[in-house]
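Structure, as C-alpha cells:
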Protein chains: 2
Amino acid sequence: MSRLEAATGAAPPDPAAVFAALGDPTRLALLDRLSDGRPRSISALASGGDITRQAVTKHLRVLEGAGLVASLREGRESRFAYRPEQVRQARAWLDTVSARWDDALGRLKAFVEGV
Amino acid sequence: MSRLEAATGAAPPDPAAVFAALGDPTRLALLDRLSDGRPRSISALASGGDITRQAVTKHLRVLEGAGLVASLREGRESRFAYRPEQVRQARAWLDTVSARWDDALGRLKAFVEGV
DNA sequence: GAAACGTGCAAGTATCCGGTTGCATGTCTG
DNA sequence: CAGACATGCAACCGGATACTTGCACGTTTC
C-alpha cells in the first residue's frame, strides 16, 4: 500500500527515508530539474542524461516512495511532479538539530562568560 | 587523505554525500544525540542502542566522512563531536530548491490568474 | 605488572542499490 | 489495422552497506 500512500499524499514523515532519497546525485539532479514545478514524463527526464530510461524510472519510484514526487498517469505516459512538503519536513529536521546546537553553544558561551 | 580532509574541515560541499550520510536512522539518531554539542566516546554512544560498538564506529566514520562530525583522540578513547557547517550547507541547498519551487508556483499562479 | 577498558583491524555474510538488457503491454497516429 | 511511442515487469550483475565476530594493541588503574 506504500504506492497508494505516496500517491495520495499520506507519506509518513520519516526524515531518514527522505534524506536517503536525496542522497544520490542522479536523484538530486532529477529533483532539481523537476523543482521548476513542471511535471515531466519519464522518457523526457531520461532523454537528457546518460542513463537508461529504466534507471530513471527506478529513481523516480524511490523519490515517489519518499513523498518527494508524485506521479500522474496521462494516457500512455506518466508525468512526475515535484512535491515540496517532504522537503519542508527535512528542512524542519535540520532546523531542529541546528537549533539544538546553537542553544548548546549559547549556553556554553554564557557559562564561559560567567552569566 | 579523506580522513585528513574531514578532520581539518576541508570537506567538499557535496549535497548528495551529506544527504546520503543523513539517510540512515541509526546515523540520524547518533547525530541527534551529538547535536547538543557535547563530544562523546564511541562506547558511550554505543551503550544506549542495541547495535555493536563496531557498527557505531562505522556509522561515525561515515558521518565523519561527510563532515557532519569530527573525531578527536584523547588518551585511550576518541570523542566525536557534532559539526554544524555541513548541516547549514544542506539546509541552504534545500532552501534553494524550495525557493525555486515557490518561484515557479508563484509564476504559474500568476499566469493562471491572467496577471 | 595484571586486569579492565576503549579502540582498531580483518574477515565474513546477507542484503540493498544502481544500473543494464530483453520482452510484454497499453496507447496514440497514420 | 500497423507501426511508433511510453511504459511496465523480470531477471541479472557488480559493488556498496549494515552488521557481526574474533583478535590484537594501546591506556588507565589497582
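Fair warning: this is a prediction, and the values are worked out from it, not measured in the lab. Chain letters run A, B, ... following the sequence lines, proteins first, then strands; residues in each count from 1.
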For this session: Specify the separation, in whole Å, of atom CD1 of A:Ile42 and atom C1' of D:dC9.
Result: 13 Å
Exercise. Less than 4.5 Å apart, any side-chain heavy atom of B:Asp95 and any of A:Arg91?
Worked result: yes
Problem set entry | For atom CG of B:Leu60 and atom C1' of C:dG8, their distance in whole Å | 13 Å
Problem set entry | Degree of bending in the helix from C:dG1-D:dC30 to C:dG30-D:dC1 once both end axes are built from five pairs, to 10° | 20°
Problem set entry | Results of side-chain contact (heavy atoms from CB on, under 4.5 Å) for A:Pro39 - residues two or more places apart only | A:Arg79, A:Ala81
For this session: Return the 5'-most residue of the pair B:Phe80, A:Arg27 with respect to DNA chain C, ranking by each residue's nearest nucleotide.
Result: B:Phe80
Exercise. Whole-Å distance between C:dC16 C1' and B:Asp24 CG?
Worked result: 12 Å
Exercise. Reading nucleotides 20-30 of chain D from the 5' end, what letters show protein touch, with B for base, S for backbone sugar-phosphate only, - for no heavy atom under 4.0 Å?
Worked result: BBB----BS--
Exercise. Between A:Thr57 and A:Arg61, is any pair of side-chain heavy atoms under 4.5 Å apart?
Worked result: yes
Exercise. So, is B:His59 close to the D:dC19 phosphate, meaning a side-chain N or O under 4.0 Å from OP1 or OP2?
Worked result: yes
For this session: Would you tell me if any nitrogen or oxygen in the side chain of A:Ser43 comes within less than 4.0 Å of OP1 or OP2 on D:dC5?
Result: no
Exercise. Side chains of B:Arg53 and B:Ser43: is there a donor and an acceptor less than 3.5 Å apart?
Worked result: no
Exercise. How would you label the contact of A:Arg79 with the nucleic acid (heavy atoms, under 4.0 Å): base, sugar-phosphate, or nothing?
Worked result: nothing
Exercise. Would a 4.5 Å heavy-atom cut-off, applied to side chains only, mark A:Phe19 and A:Leu94 as touching?
Worked result: yes
Problem set entry | Any side-chain heavy-atom pair of B:His59 and B:Asp24 under 4.5 Å | yes
For this session: Taking the side chain as every heavy atom from C-beta outward, state whether A:Val87 and A:Tyr82 have any atom pair closer than 4.5 Å.
Result: yes
For this session: Would you mind reading off the distance between A:Leu45 atom CG and D:dA6 atom P, rounded to a whole angstrom?
Result: 13 Å
Problem set entry | Length of the CG-C1' vector between A:Leu28 and C:dG18, whole Å | 15 Å
Exercise. Once you round to the nearest 0.5 Å, how far does CZ of B:Phe80 lie from CD of B:Glu64?
Worked result: 5.5 Å
Exercise. Got A:Leu72 and A:Ser78 here, is their nearest side-chain heavy-atom distance under 4.5 Å?
Worked result: no
